[in-house]
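All remarks here apply to the structure that follows.
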Amino acid sequence: MGDALPRSDGVELEISCNDILKRAGWKSRRTGGSGDRGCDILANYNGYTLCVQCKDTYAAVGSQGVQQALAGQAYYKTNYAAVVSRTGFTESAREVAKMTRVELLHPSDLSTLHLKLRLPKKR
């Protein structure tokens, strides 16, 4: 199954995810629009960097979203990569993410992501 059709242009989800990360103690910023190279949000928590690819779709996100996050991670040289979706992920996306260590998340997971990644407490 390929990636689902977009629900919106994704800006609303990017803004929401960026706000959640900031409230959780991350220094984050949106990279902006098309040409983001697979990374909608760049974030930093205590020196650890994260590339977040947001997917606002009607159905589960496929492996293409994971591949985009990997491209963003390579381009921006981040420690971690994640894909955020409100609608879940296909089996193919889960398989690729497991092999590549890309985090598959719901927006609500962002508030505790630093704990899941076992990042050291803020100084």
Side-chain angles (χ1 to χ4, degrees):
M1 174 191 281
D3 277 344
L5 294 174
R7 244 177 29 177
S8 72
D9 63 3
V11 173
E12 178 187 320
L13 181 60
E14 290 174 22
I15 291 169
S16 176
C17 289
N18 193 45
D19 290 345
I20 293 168
L21 284 167
K22 285 181 177 183
R23 285 194 304 272
W26 292 79
K27 292 180 183 176
S28 63
R29 68 174 176 86
R30 292 179 50 236
T31 59
S34 63
D36 61 21
R37 295 175 174 86
C39 185
D40 295 316
I41 300 169
L42 278 174
N44 185 304
Y45 188 92
N46 209 19
Y48 293 87
T49 55
L50 169 70
C51 163
V52 180
Q53 178 68 16
C54 299
K55 290 295 185 187
D56 196 14
T57 57
Y58 285 108
V61 173
S63 61
Q64 184 179 6
V66 178
Q67 294 167 11
Q68 290 169 340
L70 281 170
Q73 181 181 25
Y75 182 81
Y76 290 102
K77 297 178 175 67
T78 63
N79 301 107
Y80 300 97
V83 182
V84 177
S85 168
R86 294 178 178 138
T87 54
F89 301 92
T90 65
E91 183 60 33
S92 174
R94 287 191 293 274
E95 288 173 3
V96 174
K98 185 176 181 179
M99 291 182 338
T100 58
R101 301 182 70 198
V102 170
E103 298 293 329
L104 300 181
L105 308 169
H106 184 271
S108 62
D109 297 328
L110 292 170
S111 61
T112 56
L113 182 58
H114 62 289
L115 298 174
K116 180 178 182 177
L117 297 175
R118 297 181 180 173
L119 300 181
K121 293 182 181 180
K122 297 285 274 185
R123 297 177 211 149

Check: Hey, mind stepping through Asn18 and Glu14 against side chain to side chain contact (heavy atoms under 4.5 Å, CB included) and telling me if it holds?
Finding: CA-CA 6 Å; Asn18 193 45; Glu14 290 174 22; over 6 Å; no
If you round to the nearest 0.5 Å, how far is [atom2] of [Y] from [atom1] of [X]?
X      : Y      : atom1 : atom2 : value
Leu50  : Trp26  : CG    : CH2   : 4.5 Å
Lys116 : Leu105 : NZ    : CG    : 5.5 Å
Lys55  : Ser85  : NZ    : OG    : 10.0 Å
Ile41  : Tyr76  : CD1   : OH    : 12.0 Å
Thr78  : Asn44  : OG1   : CG    : 10.5 Å
Arg29  : Leu21  : CZ    : CG    : 13.5 Å

[X]-[Y] co-clustered via ILVMFWY side chain contacts under 4.5 Å:
X      : Y     : value
Val66  : Phe89 : yes
Tyr45  : Leu42 : no
Val84  : Val11 : no
Val96  : Val61 : yes
Leu110 : Leu13 : no

Check: Can a salt bridge be assigned to the pair Glu91 and Arg94 using a cut-off of 4.0 Å between side-chain N and carboxylate O?
Finding: yes
Please report the closest heavy-atom contact between [X] and [Y], naming both atoms and the distance.
X     : Y      : value
Gly38 : Cys51  : O-SG, 3.6 Å
Cys17 : Pro107 : SG-CB, 4.3 Å
Cys54 : Asp40  : N-OD2, 2.7 Å
Gln73 : Ala81  : OE1-CB, 3.7 Å

Check: Does the side chain to side chain contact (heavy atoms under 4.5 Å, CB included) test come out yes or no for Leu119 and Asn46, once each step is laid out?
Finding: CA-CA 8 Å; Leu119 300 181; Asn46 209 19; 5.9 Å; no
Next item on the list: Using atom types as modelled and distance alone, determine if a side-chain donor or acceptor of Asp109 lies under 3.5 Å from a backbone N or O of His106.
Entry: yes
Margin query: Strictly distance-based, threshold 3.5 Å: is any side-chain N or O of Thr31 a donor or acceptor partner for the main-chain N or O of Cys39?
Written below: yes
Note to self: Applying side chain to side chain contact (heavy atoms under 4.5 Å, CB included) to Gln53 and Val102, what does each step give before you reach the verdict?
What the structure shows: CA-CA 10 Å; Gln53 178 68 16; Val102 170; over 6 Å; no
Check: Do the side chains of Tyr48 and Pro120 get nearer than 4.5 Å, heavy atoms only?
Finding: yes
Checklist line | Side chains of Val83 and Leu104 in contact at under 4.5 Å (non-hydrogen atoms) | finding: yes
Next item on the list: Please check if any side-chain donor atom of Asn79 sits under 3.5 Å from a side-chain acceptor atom of Thr49, or the reverse.
Entry: yes
